[in-house]
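Here the structure is laid out as structure tokens; the discussion comes afterwards.
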Protein chains: 2
Amino acid sequence: MSTPSSGFPPLTFPRPLVTVDIVMFTVLGDALQVLLVKRPADTDEPFPGKWALPGGFVNIDEDATLLDCALRKLREKTGVVTPYLEQLGSWGGAQRDPRGWSATHCFYALIPAQAMQLRSGANATEVAWFEVDAASRKRLAFDHGELLDAAVARLRGKVEYTSLPAFLLEEPFTLPALQHTYEVVLGRAVDKSAFRKRMLDGGFMEEAGMVTGSLGRPAMSYRLRDRSQAALFPRTFNATK
Amino acid sequence: MSTPSSGFPPLTFPRPLVTVDIVMFTVLGDALQVLLVKRPADTDEPFPGKWALPGGFVNIDEDATLLDCALRKLREKTGVVTPYLEQLGSWGGAQRDPRGWSATHCFYALIPAQAMQLRSGANATEVAWFEVDAASRKRLAFDHGELLDAAVARLRGKVEYTSLPAFLLEEPFTLPALQHTYEVVLGRAVDKSAFRKRMLDGGFMEEAGMVTGSLGRPAMSYRLRDRSQAALFPRTFNATK
DNA sequence: TAAATAGTGTCTGTAAGACAGTATACT
DNA sequence: AGTATACTGTCTTACAGACACTATTTA
């Protein structure tokens, strides 16, 4: 079923195209990475052969809400079922899609690298991870370069005062591993002592046993108390400078 | 003109309804207030006679972007041309509008009470300001209660660490007036000394002459250096407690 | 002068930054 | 023992909270 039979008079004016796009982040090999999808080259769709954010049209029969739509696309591309997923905002206008007035609802997701297996999908689309700086320098399809930059800015901004990077790690994780993740996302070193005090005083983790087996002194591992939201710290990092 | 003739094959699947809604805030009479519009009672549209946020369908011929659409609706209702306007997020799903799958792009705006004249609009719609708590207890049309609560939460959250309340005042304004605005939005008193240090150290205002004429010692008045964005403070208020 | 409002100074508390030091594993 | 990694302690600095104090106007 599609439109009318709601009991209300039909709405006849033209409607915009509606899409959902997702900026999926992970930390892999000491770099913040983002998932991109290559648009098919031999097609009559716009931007053939260009890299783009994963996403697509809302399916009003399949997707109950925008969030459901985002979760579905995320699952299809990475197999991840319960990521950290947050809305970034929406972009809409007459010019951003050559097929007509369109509005996209953009989400961003944080995914532990280990938890994930890439899936090409039914149409064998090419899918790959790129370091965000390299991805940002590419000419992405549509206005996806702008969406990506906004997502990176939002992530970096929130990392200054939240526990978001914990969602980029498999549980349980150690404090040194978490600190490394912060440093990769922020692109700078943070002081170990201040970092540990902040994380432990935050009270958002619980101990999950010692981790041995590697070189050096064993580390305590931790688990998040609440995987549904990030903890907020009372100040940003580097407030001094 | 409406859809095809883009050179791309037509997209035939059904499209959601697309709207823009705006939460307009002002401070009036020691209270944070929000603008609501009464939906016509004798009509075949949904939620007749209910109060709702100002907004409506995107007009793909008139509105170049979502932001333009929001600015147009704001101008139509209040006459304000250059408010503080920020996107709150988007809400979409099959159930929120009985006429079909719909997605709304929600913005919030900060408006100085003095700068504004209410306009009923062409269809003589009833328009009024309500204290946010009272508005939140009403049964608003659609999911507008949810949108309103999200906007209030976002505003209160950002006021803890930004200069946002300055956009609720006509320029120039005095520090006592600004402090009063903070207290109204936050719903609690803030310390005068700490408040003044924070604002003056922020460096986002410039002096605009002494204001005399009322009872008591005259106050220095200030103007914003940059009306396009709010200043960020290094900590939130009340970090101690 | 009194009342009202604007503005300052001083002390304390919290948490971050810097950085040196200690602890516990493996080879 | 030596090295690598995990973790702690101590000193300083930035800034908010509390609250008492001074300053400048009008009635």
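So that the names make sense, note that chain A is the first sequence line, chain B the second, and so on, each numbered from 1.
Using a 4.0 Å cut-off between charged nitrogen and carboxylate oxygen, B:Arg72 and B:Glu76 count as a salt-bridge pair. Salt-bridge annotation for A:Glu146 and A:Arg139: absent, with no side-chain N of the basic residue lying under 4.0 Å from a carboxylate O of the acidic one.
Taking atom CG of B:Leu186 as the reference point, atom P of D:dG17 lies 11 Å away to the nearest angstrom. Taking atom CZ of residue B:Phe237 and atom C1' of nucleotide C:dG13, one finds them 18 Å apart after rounding to whole Å. Put simply, OH on B:Tyr182 is 12 Å from P on D:dG17, counting in whole angstrom units. Rounded to whole Å, atom P of D:dT10 lies 11 Å from atom NZ of A:Lys197. For the pair B:Asp201 CG and D:dG17 P, the computed distance is 13 Å after rounding to whole Å. The distance from atom CZ of A:Arg235 to atom P of C:dT14 is 11 Å, rounded to the nearest whole Å.
Relative to the ring axis of A:Phe237, A:Arg198 places its NZ or CZ within 45° and under 6.0 Å from the centre.
Donor-acceptor pairing under 3.5 Å is lacking for the side chains of A:Asp21 and A:His105.
Residue order along DNA chain D, read from the 5' end via each residue's closest nucleotide, puts A:Asp191 first among A:Asp191 and B:Arg188.
Heavy atoms of B:Arg198 sit under 4.0 angstrom from primed sugar atoms or phosphate atoms, though from no base atom.
A perpendicular orientation is assigned to the rings of B:Tyr108 and B:Phe25, their planes being inclined by more than 60° (bins at 30° and 60°).
Closest to the A:Ser193 side chain, of the nucleotides D:dT8, C:dG7, C:dT10, is D:dT8.
Aromatic ring centres of A:Tyr222 and A:Phe173: separated by at least 6.0 Å.
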Within the sub-3.5 Å range, which N or O atoms of nucleotides 22-25 of chain C have a protein N or O partner, and how far apart are they?
| unit_1 | atom_1 | unit_2 | atom_2 | d |
| --- | --- | --- | --- | --- |
| C:dA23 | O4' | A:Arg217 | NH1 | 3.4 |
| C:dA23 | N3 | A:Arg217 | NH1 | 3.1 |

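Within the structure, a side-chain polar atom (N or O) of A:Arg196 is placed less than 4.0 Å from OP1 or OP2 of D:dC7.
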